[in-house]
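We count residues from 1, following the sequence as given.
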Amino acid sequence: MKRQIINDSGAAVTEALEGMELSFPDLVSYDTDRGLIRRATPARDKVGLVSGGGSGHEPLHAGFVGRGMLDVAVPGAVFASPTALQVHEGTLAADSGRGVVQIVKNYTGDVLNFTIAGELAGDHAVDTEMVLVDDDLATDTDGDADGPGRRGTAAVVAVEKIAGARAELGGSLTEVADAARRVARTSRTMSLALQAGTHPGEDRPAFDLAADEVELGVGIHGERGISRARYASADELSEMLVTPLVRDLGLGRGSAVLAIVNGLGGAYPLSCRSPPAPCTGSWARRASPSHALWWAPT
């Protein structure tokens with residue numbers, strides 16, 4: 001039986017958000033009536049930023065609320081999209097008179113509910129721009145117009161940070177949205193798992209892996225990946241991730257790269273800090289001597 005430090009799986013999200021407000025009262029405020037995390041001191045006269053999605057990916061998105069990033073985060077239930085009404089309320093809360101950029105990871109429920117919320121915001125004279133983040137290379141449908149397209153994963157961290165900085169500097173709604181789209185358009189992500197996650201309240205992992213296997217292309221909700229490989233060293237595993245990213249982005253000598261290393265909520269900091277060295281070597285050999293490393297802990 002899987003043991004978890006929770007009281008009730010149905011109340012886990014609410015309790016976590018209450019705890020977040022208690023821990024960082026100078027940074028965030030938990031709006032219990034509307035189910036939102038907001039900046040403790042709302043911004044004035046700037047383009048607002050709102051994002052959200054299923055809980056269980058913390059610190060995404062509630063942990064990225066603050067100056068230079070999001071104005072509002074809209075958390076749904078664990079691995080479930082927030083409702084359209086909840087996103088609508090979050091969009092209105094993020095507005096300070098200059099419009100709102102909605103940053104949305106490419107999952108069907110999120111896209112649908114943010115789209116509806118954007119339309120509803122128009123009825124309140126709030127201008128919106130939606131930015132879709134779809135960086136997961138493992139789910140690239142290779143131009144299939146009928147498919148859902150790539151999932152949104154770690155690139156949303158960079159999108160929120162760069163769009164937030166542009167908004168803080170006084171950018172217009174169009175300028176902030178364009179900056180966010182440029183980041184999303186030029187981002188790709190690959191991931192792996194040594195074991196599957198277990199959802200709160202469940203006693204079985206999402207899938208089983210043999211002791212000598214790793215899952216390549218796993219999703220942020222614990223979805224199965226696209227293939228399996230033999231367990232190997234950090235250098236070899238990093239090579240499996242970096243090689244397709246370099247190829248798909250068409251990186252060449254002199255390309256500038258920002259690399260985000262993220263643990264998907266299941267890796268120790270020690271493990272997360274090991275891949276940057278081999279990743280750097282891969283870029284230097286194949287693509288770019290110009291790079292920055294950003295460790296985004298979860």
Given side chains that start at C-beta, do those of V74 and V72 come closer than 4.5 Å, heavy atoms only? yes
Ion pair present between R230 and E236, side-chain N to carboxylate O less than 4.0 angstrom? no
Taking the basic N atoms (NZ, or NE/NH1/NH2) and the acidic carboxylate oxygens, is any pair closer than 4.0 Å for R98 and E175? no
Any side-chain heavy atom of E15 within less than 4.5 Å of one from N7? yes
Under 4.5 Å between any side-chain heavy atoms of V133 and V104, yes or no? no
Among D26, D31, D71, whose salt bridge (Lys or Arg N to Asp or Glu O under 4.0 Å) with R39 holds? D71
Is R150 salt-bridged to D140, going by a charged N under 4.0 Å from an acidic O? yes
Is the closest side-chain heavy-atom distance between H88 and H124 below 4.5 Å? yes
What's the shortest heavy-atom distance between A232 and L237, and which atoms? O-CD1, 3.5 Å
Residue R224 excluded, over 12 heavy atoms near CZ under 6.0 Å: yes
Specify the closest pair of heavy atoms between Q102 and T91, including all atoms of both residues, with the distance to one decimal. NE2-OG1, 3.2 Å
Given the options D136, D248, D135, R188 meets salt bridge (Lys or Arg N to Asp or Glu O under 4.0 Å) only with D248
Heavy atoms of I103 and A163 approach each other most closely as CD1-CB, 4.4 Å
